[in-house]
Amino acid sequence: MDTHDDCHRDLRDVFDGEHRQLPPDPFLSATTARLAKARARATLARRCLLAAALAAVTLGSPWLISGSVLLSARLGTLFGAVAGWLSTPAGTVAALLLLLAALVYRRFWQRRSLF
């Protein structure tokens with residue numbers, strides 16, 4: 001029995017030694033190098049795009065500010081017109097009908113998605 005235990009121990013040592021370190025593989029090293037280069041290029045491209053976006057926002061800020069002022073003025077006019085229309089009886093009825101139609105539509109599609 002003692003010789004078998006020594007044999008098992010010797011075999012275990014041989015297999016453990018072989019599996020601890022993989023032999024160098026040219027395909028694996030080449031693929032790892034290509035992946036590292038691709039990741040580095042992707043990181044560089046991402047950082048360049050972020051820098052370009054920051055520069056575009058910085059340089060375009062005067063136009064963005066004037067555009068937001070114009071949009072706010074137009075939206076104020078639009079909201080005033082909608083509020084004036086909703087304050088009439090016909091506008092209130094139309095808004096309630098649209099709300100009811102939206103609720104029915106939503107409920108129908110929620111039930112349909114369960115099946």
Who passes side-chain contact (heavy atoms from CB on, under 4.5 Å) against [X], sequence neighbours left out?
| X | answer |
| --- | --- |
| T92 | L96 |
| Y105 | W109 |
| S66 | none |

Using a 3.5 Å cut-off and no angle test, enumerate the donor-acceptor pairs between side-chain atoms of residues 35-49 and protein atoms at least two apart in sequence or in another chain.
from, atom 1, to, atom 2, distance (Å)
T43, OG1, R39, O, 2.9

Just how far is it from atom OG1 of T32 to atom CZ of F27, taken to the nearest 0.5 Å? 9.0 Å

Nearest 0.5 Å, what's the CD1-CG distance between I65 and L70? 14.0 Å

Members besides [X] in its Ile/Leu/Val/Met/Phe/Trp/Tyr cluster (side-chain heavy atoms under 4.5 Å):
| X | result |
| --- | --- |
| L59 | none |
| L78 | L71, L75, F79, V82, W85, L86 |
| L99 | L103 |
| V69 | none |

Heavy-atom closest pair (T58 atom, L54 atom, distance to 0.1 Å) is OG1-O, 2.7 Å

Heavy atoms of P26 and S29 approach each other most closely as O-OG, 3.0 Å

Is there a donor-acceptor contact under 3.5 Å from the side chain of T77 to the main chain of A73? yes

